[in-house]
**Student:** 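Dumping the structure here so I can ask a few things about it.
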Amino acid sequence: MVHLPSKISPLETSAPTTKLDLAQRPRRNRKAEWARRLVRENVLTADDLIWPIFLVEGERQRVPIASMPGVDRLSVDEAVKAAVLAAELAIPALALFPNTDPAQRDPRGSEALNEANLVCRALRAIKREVPDIGLITDVALDPYTSHGHDGILRGDEIVNDETVAVLVAQALNQARAGADIIAPSDMMDGRIGAIRTGLDGENFETVQIMAYAAKYASAFYGPFRDAIGTQAVLTGGKRTYQMDPANSDEALREVALDIEQGADMLIVKPGMPYLDILCRVKETFALPTFAYQVSGEYAMIMAASGNGWLDEERAMLESLTAFKRAGADGVLTYFAPRVAKKLKDMR
Ligand code: PBG
């Protein structure tokens, strides 16, 4: 029973002496750090982290990305070092994204099928040195096309079925080089089933598919496009294949299709502006579901904390814990090494 103090006149400035007669005082469970730890519902651990890294040609290269402070593009030898660090920090998996030499890009994204492309060389090198870390590769043509789109462009249309045929070949190229998880981010119709059939046909039954099942046409990918060098060349937007940010039921239909076609795990992307989608997807399908805290989300936190407007570490931990609370089994995040180190130091 809640008794409101009845005798406080508007002029009375000192605290009321009346004691409330409350059965429930939720603050009791928050009174000390040990008590808060005892009742905590969601805990972030290194097991929740997937670290996306950018690759660049050369040796001993760490090329900064202006819009992503603290993130560098890494040459293959540096990527191997990153994998060693990830293993030390107990990060289970890396996701690889190449910045392809502009001379290697063409309208059809042919470099995606080169068995010695940057991603394939990184896969082999990391597998050799750090065999126990999971390696995730992105299936989409944007790092390889001269127009920066994820598929093949005819006139002003990204043609679906022809693109899917190339994506299957790209996925096989990655699997042969040692990819453990194939992650199609292209949003073409029917690609999950086609890739599953392709993989099984070459005895890659154990290679998992992590589908970017609900991927939105988002403004928050800007810094990523700087990182892989597509921002400057991209013509038009990706709205004919990535989802309309206004839609939610459509995400459930997209996810249902990807599961029917063989997806083992799901990604919802972007992350924080789409926690409602993450929550619905996890509650509806109960598959392992990951959030992608994308480049623009990372950039916002870094820019604000760089200006002294946010506490970087707290914003990082809070944003990642929010994904867990919304139902994520894990998060793809550029904060992965920093947060894993922090979690290790806190123990
Ligand atoms: C491309 C791809 C994108 C991201 C991951 N894969 C960008 C895009 O769709 O244009 C974005 C990741 C990020 O912003 O961190 N297939």
Side-chain angles (χ1 to χ4, degrees), residues 49-55 65-73 93-100 105 109 111-112 118-119 136-153 158 160 163-164 166-167 170-171 174 179 181-188 191-192 195 209-245 254 266-274 290-303 316 319-320 323 331-336:
L49 303 172
I50 295 172
W51 180 11
I53 62 172
F54 296 108
L55 302 168
I65 302 153
S67 51
M68 300 182 75
V71 178
D72 296 329
R73 306 175 186 96
L94 303 179
L96 308 181
F97 295 95
N99 179 310
T100 309
R105 301 184 196 208
E111 179 66 8
L118 193 48
V119 164
I136 304 173
T137 50
D138 199 70
V139 169
L141 299 181
D142 54 321
Y144 308 102
T145 52
S146 41
H147 43 70
H149 277 289
D150 294 23
I152 293 167
L153 190 60
I158 300 298
N160 193 86
T163 297
V164 169
V166 181
L167 297 175
Q170 179 183 25
Q174 296 169 347
I181 302 181
I182 300 292
S185 73
D186 53 280
M187 290 299 280
M188 296 301 123
R191 89 278 204 219
I192 299 298
I195 290 170
I209 297 180
M210 181 184 271
Y212 286 79
K215 175 172 175 180
Y216 287 85
S218 174
F220 293 100
Y221 306 148
F224 173 98
R225 292 179 189 170
D226 289 337
I228 67 161
T230 57
Q231 187 82 294
V233 291
L234 187 64
T235 48
K238 299 191 176 183
R239 289 194 178 81
T240 67
Y241 45 108
Q242 299 178 351
M243 284 176 55
D244 183 340
E254 279 282 5
L266 307 166
I267 299 179
V268 173
K269 178 183 177 189
M272 223 150 66
Y274 295 83
F290 295 81
Y292 198 143
Q293 182 179 51
V294 299
S295 57
E297 299 174 64
Y298 175 85
M300 285 196 297
I301 292 175
M302 293 305 286
M316 168 180 85
S319 63
L320 294 170
F323 293 120
V331 190
L332 292 95
T333 175
Y334 302 99
F335 286 118

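Both ligands and their constituent atoms are indexed starting at 1 by order of listing.
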**Student:** Would you say Glu297's side chain and Phe220's backbone share a donor-acceptor pair under 3.5 angstrom?
**Tutor:**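 No, because the side chain of Glu297 does not come within donor-acceptor range (under 3.5 Å) of the backbone of Phe220.
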
**Student:** Please write down residue, atom name and distance for the protein heavy atom closest to atom 14 (O) of ligand 1.
**Tutor:**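 The answer is Ser295 OG, 2.7 Å.
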
**Student:** Check contact between Lys215 and ligand 1, using heavy atoms of the residue and a distance below 4.0 angstrom.
**Tutor:**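 Right, Lys215 reaches ligand 1.
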
**Student:** Exactly one of Ile158, Leu141, Thr163 should register a side chain to side chain contact (heavy atoms under 4.5 Å, CB included) with Leu153. Which one does?
**Tutor:**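 Checked Ile158, Leu141, Thr163 against Leu153; only one passes side chain to side chain contact (heavy atoms under 4.5 Å, CB included): Ile158.
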
**Student:** So does Pro184 get a backbone contact from the side chain of Arg191, meaning a donor-acceptor N/O pair under 3.5 Å?
**Tutor:**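 Checked: pair present.
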
**Student:** For ligand 1, which atoms sit closer than 4.0 Å to a heavy atom of Asp142?
**Tutor:**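 In order of numbering, the contacting atoms are 1 (C), 2 (C), 16 (N).
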
**Student:** Which protein heavy atom lies closest to atom 12 (C) of ligand 1, and at what distance to 0.1 Å?
**Tutor:**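 Scanning the protein heavy atoms, the shortest distance from atom 12 (C) of ligand 1 goes to Phe224 CD1, 3.3 Å.
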
**Student:** Under 6.0 Å between ring centres, would you say that holds for Phe290 and Phe323?
**Tutor:**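 They do not qualify: ring centres at least 6.0 Å apart.
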
**Student:** Which atoms from ligand 1 have a heavy atom of Gln242 less than 4.0 Å away?
**Tutor:**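 Near Gln242, meaning under 4.0 Å from one of its heavy atoms, ligand 1 has 8 (C), 9 (O).
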
**Student:** For Tyr292, take its heavy atoms, then give the atoms of ligand 1 lying under 4.0 Å from any of them.
**Tutor:**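 That gives atoms 12 (C), 15 (O) of ligand 1.
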
**Student:** Would you mind finding which of Tyr334, Tyr221, Phe220 brings a heavy atom closest to atom 15 (O) of ligand 1?
**Tutor:**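 Shortest heavy-atom distance from atom 15 (O) of ligand 1: Tyr334.
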
**Student:** Would you say that Pro52 contacts Tyr292 through its side chain, given a criterion of any heavy-atom pair below 4.5 Å between the two side chains?
**Tutor:**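 A side-chain contact under 4.5 Å exists here.
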
**Student:** Does a side chain donor of either Gln293 or Ser319 reach within less than 3.5 Å of an acceptor in the other side chain?
**Tutor:**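 Ser319 and Gln293 do have a side-chain donor-acceptor pair below 3.5 Å.
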
**Student:** Could you tell me, atom by atom, which parts of ligand 1 come under 4.0 Å of a heavy atom of Ala140?
**Tutor:**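 Per the distance check, 16 (N).
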
**Student:** Partners of Asp138 by salt bridge (charged side-chain N to carboxylate O under 4.0 Å, His left out), sequence neighbours excluded?
**Tutor:**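 Partners of Asp138 by the salt bridge (charged side-chain N to carboxylate O under 4.0 Å, His left out) criterion come out as none, since no residue qualifies.
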
**Student:** Does Tyr298 reach ligand 1, in the sense of a heavy atom lying below 4.0 Å from it?
**Tutor:**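 Distance cut 4.0 Å: Tyr298 fails for ligand 1.
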
**Student:** Check contact between Asp186 and ligand 1, using heavy atoms of the residue and a distance below 4.0 angstrom.
**Tutor:**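 In this structure, Asp186 fails to qualify as a contact of ligand 1 - no heavy atom is under 4.0 Å.
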
**Student:** Describe, in one word, how the ring planes of Tyr298 and Phe335 are oriented to each other, choosing from parallel (under 30°), tilted (30 to 60°) and perpendicular (over 60°).
**Tutor:**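 Ring orientation, 0 to 90° scale: tilted.
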
**Student:** Quick check on Lys269 - does any of its heavy atoms sit under 4.0 Å from an atom of ligand 1?
**Tutor:**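 It does, in that a heavy atom of Lys269 comes within the 4.0 Å cut-off of ligand 1.
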
**Student:** Give the residue, atom name and distance (to 0.1 Å) of the protein heavy atom nearest atom 8 (C) of ligand 1.
**Tutor:**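 For atom 8 (C) of ligand 1, the nearest protein heavy atom comes out as Lys238 NZ, 3.4 Å.
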
**Student:** Could you list which atoms of ligand 1 come closer than 4.0 Å to a heavy atom of Asp138?
**Tutor:**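 Checking each atom against Asp138, I get 6 (N), 16 (N).
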
**Student:** Looking at atom 16 (N) of ligand 1, what's its closest protein heavy atom, distance included?
**Tutor:**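 I find the closest protein heavy atom is Ser185 OG, 2.7 Å.
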
**Student:** Does ligand 1 have a heavy atom under 4.0 Å from the side chain of Val294, from its backbone, from both, or from neither?
**Tutor:**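 Both the backbone and the side chain of Val294 come within reach of ligand 1.
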
**Student:** Using a 3.5 Å cut-off on N or O atoms only, is Tyr212 in polar contact with ligand 1?
**Tutor:**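 There is no such contact.
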
**Student:** I need the full list of salt bridge (charged side-chain N to carboxylate O under 4.0 Å, His left out) pairs touching residues 231-245, with sequence neighbours left out, sorted by first then second residue.
**Tutor:**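 Residue pairs with at least one partner in residues 231-245: Asp142-Lys238, Asp150-Lys238.
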
**Student:** Under 6.0 Å from the CE atom of Met68, do we count more than 12 heavy atoms belonging to anything else shown?
**Tutor:**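 Correct, the count exceeds 12.
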
